[in-house]
There are 2 protein chains.
Amino acid sequence: MKQQDVIAALGALAQDSRLEVFRLLVRTGKEGLAAGDIAQRLGIPASSLSFHLSQLHEAGLVSQRREGRSLIYSADYASMNALMAFLTENCCEGEGCEATAAPRTAGAC
Amino acid sequence: MKQQDVIAALGALAQDSRLEVFRLLVRTGKEGLAAGDIAQRLGIPASSLSFHLSQLHEAGLVSQRREGRSLIYSADYASMNALMAFLTENCCEGEGCEATAAPRTAGAC
DNA sequence: CGGATATTTCGATAAGTGTCGAAATGAAGC
DNA sequence: GCTTCATTTCGACACTTATCGAAATATCCG
């Protein structure tokens, strides 16, 4: 994962509605949710939600499939894992995350 | 860590110069680097860097201490760990991260 | 085809972000 | 106290982001 992709992903998650949407999709699992469902559950106007979903999609964090009239969105776990891997690799090493700050008794991260 | 803090942290990292700065500080370790050093190493004008450092600082990702005339910045590993913990908890569970997508042979995170 | 439903695109607007030179602040040393 | 060095604050600018109603697009069904 290149730094530019990481920035896109971080930027996509760095917004209230979008983080909420993503968390909802993660909780929901790979079956996903229709755009309308998400809008209703989170109380976000359709056009606003559409904007946010496209941001998440461009960042590669969610995938989209059509099912009848609905577009079903679901979290892309592979991307999220790649993001976590990058952060663990590049933002937690170098005598941080391992020894400092958190004692890390077992498998804390 | 509250969702608002997470958003602040993600937003702080979601920018080229800032992610670069943060990675540099993580690599450097807790002794940290003076603002001027960072500016020189990354080729960022002092005033721009100052802006970015304050964003990182507000987000709690870096800490600041004065040493003579210089301000030394260093990565706050505890905050980063808290961020990782939130993401692992809220954005990787629910049959993702564990089983799906990445096979996770061992401790891939 | 025509109507109903789900979602996106458009357009306007308000607010936030990134950039960087110039001026201001803070600390140290003579 | 004056000078020097390190850094921040200010101000101006261009650019991006978030918001949401109205209109357009896509799909299904009878």
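Since the structure is predicted, the reported quantities are computational estimates derived from the model, not experimental observations. So you know, we letter chains A, B, ... as the sequences are listed, proteins then strands, and number each from 1.
- Nearest heavy-atom pair across B:Ala12 and B:Leu61 is CB-CD1, 4.0 Å.
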- Under 4.0 Å protein heavy-atom contacts per nucleotide of nucleotides 5-17 of chain D, with B for base, S for backbone only and - for none: BSSBB--------
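- Within the 4.0 Å cut-off from OP1 or OP2 of C:dT17, not a single side-chain nitrogen or oxygen of B:His52 is found.
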Using distance only, find each side-chain donor-acceptor pair of residues 38-54 of chain B under 3.5 Å and give its atom names and separation, not counting sequence neighbours.
{"unit_1": "B:His52", "atom_1": "ND1", "unit_2": "B:Arg18", "atom_2": "NH1", "d": "3.1"}
{"unit_1": "B:Ser54", "atom_1": "OG", "unit_2": "B:Phe51", "atom_2": "O", "d": "3.0"}

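- A:Asp5 contributes no side-chain N or O that, together with a main-chain N or O of A:Met1, makes up a donor-acceptor pair within less than 3.5 Å.
- Across the protein-nucleic acid pair, A:Ile7 atom CD1 and C:dT17 atom P stand 16 Å apart, rounded to whole Å.
- Put simply, CD on B:Glu58 is 13 Å from P on C:dG16, counting in whole angstrom units.
- A:Tyr77 contributes a side-chain N or O that, together with a main-chain N or O of A:Val26, makes up a donor-acceptor pair within less than 3.5 Å.
- The distance between atom CZ of A:Arg65 and atom C1' of D:dT27, rounded to the nearest whole Å, is 16 Å.
- C:dC20 atom P lies 13 Å from atom CG of B:Leu42, rounded to whole Å.
- Side chain of B:Ser70 to main chain of B:Ala34: no donor-acceptor pair is present (N/O by atom type, distance under 3.5 Å, no hydrogens or angles).
- Taking atom CG on A:Leu56 and atom P on C:dT7, their separation rounds to 16 Å, with Å as the unit.
- For residues 59-74 of chain B, the set of pairs meeting the salt bridge (Lys or Arg N to Asp or Glu O under 4.0 Å) definition, not counting sequence neighbours, comprises B:Arg65-B:Glu67.
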